[in-house]
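Notes for the one structure printed next.
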Amino acid sequence: EIYGKPSSEENAIQTLQLLSSGKVSHEVYSGVKLILKTPTQTKDASFYERTVVEFAPLDLQTIEAYVATKEPMDKAGGYGIQAMGGSLIQGIQGDYFNVMGFPLHRFCVHLVELLKS
């Protein structure tokens, strides 16, 4: 399932209840395409990054308090790992920056490879 930005506070609460229930696996994917165009050639590279996010078990009071901050309302999945939402996360497997929205390390690795080739 794809978790976009919550459509309402109720939707944010439902999403966070599901993500923290332990009943679903939560994975964040980002796809990136790099294109380097020079006067003589065009080179490209593409990749995707996958990060597994493990929520802590959360009670309704904690979820409602977090949603009341309004932080989740403009975040895909209803949380921002880089701010208060990070306190809801028990752990991740993979790239932290991918969860924030951009797989910085892999981007840099592929960019350097593209520039060297």
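Computed from a prediction, not measured in an experiment: that's the story for all the values here. All values below come from the heavy atoms of this structure, side chains included, with hydrogens, waters and symmetry mates left out.
The closest side-chain heavy-atom distance from Gln14 to Pro6 is not below 4.5 Å. Under the 4.5 Å side-chain criterion, counting only non-hydrogen atoms from C-beta, Lys5 is not in contact with Met73. Residues Ile63 and Ser20 have side chains in contact (heavy-atom distance under 4.5 Å, counting atoms from C-beta outward). Residues Cys108 and Leu111 are not in side-chain contact: their nearest non-hydrogen atoms beyond the backbone lie 4.5 Å or more apart. Contact annotation: the side chain of Val52 approaches that of Arg50 to within less than 4.5 Å [non-hydrogen atoms, C-beta and beyond].
Taken to the nearest 0.5 Å, the CD atom of Gln93 stands 7.5 Å off from the CD atom of Glu54. Leu16 CG to Thr62 OG1: the interatomic distance, rounded to the nearest 0.5 Å, is 11.0 Å. Atoms CD and CD, on Glu1 and Glu27 in that order, are 13.0 Å from each other to the nearest 0.5 Å. Taking NE2 of His105 as the start and NE2 of His110 as the end, the distance is 9.0 Å to the nearest 0.5 Å. Taken to the nearest 0.5 Å, the CD1 atom of Ile35 stands 10.0 Å off from the CG atom of Leu114.
Lys33 and Ser46 make their closest contact through CD-CB, 3.8 Å (heavy atoms, listed as atom of the first residue, atom of the second, distance). In plain terms, the two heavy atoms of Leu18 and Ser21 that are nearest each other are O-OG, 2.7 Å. The shortest heavy-atom contact between Val67 and Ala12 is CG2-CB, 4.0 Å. Here the closest non-hydrogen pair linking Ala56 and Gln90 is CA-OE1, 3.6 Å. Of all heavy-atom pairs between His26 and Leu19, the closest is ND1-CD2, 3.7 Å.
Residues meeting the side chain to side chain contact (heavy atoms under 4.5 Å, CB included) test with Thr69, sequence neighbours left out: Tyr66, Glu71, Pro72, Met84.
No donor-acceptor pair under 3.5 Å is formed between the side chain of Lys75 and the backbone N or O of Gly80.
Note on Val112: it does not cluster hydrophobically with Leu34, by side-chain heavy-atom contacts below 4.5 Å among ILVMFWY residues. The cluster map of Ile, Leu, Val, Met, Phe, Trp and Tyr, joined by side-chain heavy atoms under 4.5 Å apart, puts Leu115 and Phe47 in the same cluster.
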Using atom types as modelled, flag every donor-acceptor pair under 3.5 Å from a side chain in residues 95-104 to any protein atom, sequence neighbours excluded.
{"unit_1": "Asp95", "atom_1": "OD1", "unit_2": "Phe97", "atom_2": "N", "d": "2.8"}
{"unit_1": "Asn98", "atom_1": "OD1", "unit_2": "Ser30", "atom_2": "OG", "d": "2.6"}
{"unit_1": "Asn98", "atom_1": "ND2", "unit_2": "Val28", "atom_2": "O", "d": "3.1"}
{"unit_1": "Asn98", "atom_1": "ND2", "unit_2": "Glu49", "atom_2": "O", "d": "3.4"}
{"unit_1": "Asn98", "atom_1": "ND2", "unit_2": "Thr51", "atom_2": "OG1", "d": "3.0"}

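Chaining together hydrophobic side chains whose heavy atoms lie under 4.5 Å apart places Tyr29 alongside Tyr48.
Crowding of Gln61 atom CD: a count of heavy atoms from other residues, nucleotides or ligands under 6.0 Å not exceeding 12.
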